[in-house]
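Notes to accompany the following structure.
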Amino acid sequence: MDLNRLRAFQAVYQHNSTVGAARTLSVTRSAVSQSLSKLEAEIGVKLFTRAAKGLVPTSAGHSLFRRIDPFLSSLENEVRAIKSAGERPSGLLRLGTPVAFGRCYLPVKLAAFRARYPEVEFALELGNQTRLLSLLEAGELDFTIADVFDDPSPSRLRSSLFSLETLFEERMTLVCSRAYFEDHRLENATIETLAACNFLTYQSQNFDLKSWFRHHFAKVPPQLSIALTVDDSHALIEAVKCSLGLAVFGSHLVEPELESGALRAVLSGPADEINRISLVQLLDKKPSLTERAFVKHLLAG
DNA sequence: CGGTGCCGCATACCAAGTGC
DNA sequence: GCACTTGGTATGCGGCACCG
């Protein structure tokens with residue numbers, strides 16, 4: 001059934017004339033008259049009685065109007081809502097993030113964005129980078145936050161699938177408790193001294209530690225003694241404070257502890273490895289208005 | 001990519017009713 | 001009777017889909 005013919009019928013019913021309907025629909029009365037005739041031919045029933053001054057609905061006309069008027073009105077409202085949604089950020093944003101970043105930094109940014117655009121909702125996925133990149137690739141996330149190092153080893157992030165935008169940079173520092181530092185004589189530590197220590201890591205394959213060793217010594221000790229693996233920065237900091245071993249942290253996570261002297265940095269200095277915390281998107285995906293607004297919001301700092 | 005057919009619409013015109 | 005309003009319809013044009 002042709003929607004335009006139904007709209008012509010609706011307008012004629014409301015005005016009891018083809019002239020009024022034509023004005024409403026911005027067409028000539030001839031077009032209205034023709035649409036109406038075709039609709040009647042299609043249904044096989046007269047919808048109006050042609051009177052001297054206008055058109056009077058038949059019982060079939062009344063019945064049809066009662067059915068289609070709510071439908072056409074709700075259809076128009078729905079289309080209007082969809083159009084206005086395209087003009088302002090709204091809807092669901094699916095975001096992946098490392099656990100520590102998702103807990104500490106992101107909630108503030110999400111709150112500020114939503115204060116500005118209350119029609120936006122978030123679905124936050126906390127997890128390790130490998131899993132988040134897989135979800136992004138499968139189209140189950142709109143963005144993910146990732147750690148990007150200058151490490152020359154092959155990285156999935158450097159494939160042609162993804163586009164990267166740096167949000168901010170942090171120094172990667174190897175730290176331990178003051179007691180652990182003194183017990184293991186870690187002032188001017190060599191790779192051999194460090195290789196004899198215990199380590200704590202975020203990731204089961206301890207990429208963070210390997211990357212730190214490659215950066216500072218251009219090689220990784222053949223055997224690292226991993227005392228703890230935990231994907232939670234608070235747990236990791238507490239374990240380091242208890243002298244369980246050494247762990248690599250983004251500088252912002254342990255700044256207070258380093259300043260108070262509760263933790264000590266090993267080989268600390270300007271030569272520390274830089275982690276560019278970046279926003280990752282699929283390269284060939286055209287970002288929506290909401291996604292573009294969110295990227296702009298994060299990049300604004 | 002051009003030919004063809006269909007469809008919606010506008011234009012022009014006709015018919016009928018109404019008011020002065 | 002005439003001007004005006006309104007509805008109906010023949011005709012032509014333009015846009016679009018389909019096909020070879």
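Since this is a predicted model, take the numbers as computed values, not measurements. All chains are named by letter (A, B, ...) in the order of the sequence lines, taking the proteins before the strands, and each is independently numbered beginning at 1.
Residue pairs meeting the side chain to side chain donor-acceptor pair (under 3.5 Å) criterion with at least one partner in residues 20-32 of chain A, sequence neighbours excluded, are A:His15-A:Thr24, A:Ser30-A:Gln34.
In summary, the side chains of A:Thr58 and A:Thr49 do not present any donor paired with an acceptor at a separation below 3.5 Å, with no hydrogens or angles considered.
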Next item on the list: Classify every nucleotide of nucleotides 11-17 of chain C by which part a protein heavy atom approaches to under 4.0 Å, writing B for the base, S for the sugar-phosphate alone and - for neither, in 5'-to-3' order.
Entry: -------
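Classification of the A:Phe9-A:Phe48 ring pair by plane angle, with boundaries at 30° and 60°, yields tilted.
Every residue was checked against the salt bridge (Lys or Arg N to Asp or Glu O under 4.0 Å) condition with A:Glu255, not counting sequence neighbours, and none meets it. Evaluation of the side-chain contact (heavy atoms from CB on, under 4.5 Å) rule for A:Leu75 yields A:Leu3, A:Phe71 as partners, not counting sequence neighbours.
Here A:Ser33 lies in heavy-atom contact (under 4.0 Å) with a base.
Listed nucleotides B:dC9, C:dG7, C:dT9 differ in distance to A:Ser37; the shortest reach to its side chain belongs to C:dT9.
A side chain to side chain contact (heavy atoms under 4.5 Å, CB included) with A:Met172 is found for one member of A:His216, A:Glu273, A:His215 and no other, namely A:Glu273.
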Acceptor/donor pairs from residues 234-242 of chain A side chains to any protein atom, 3.5 angstrom cut, sequence neighbours excluded:
none

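Taken residue by residue, residues 24-32 of chain A places heavy atoms nearer than 4.0 Å to DNA chain C at A:Arg29, A:Ser30.
Separation of atoms CG (A:Leu167) and CG (A:Leu106) is listed at 9.0 Å; rounding is to 0.5 Å.
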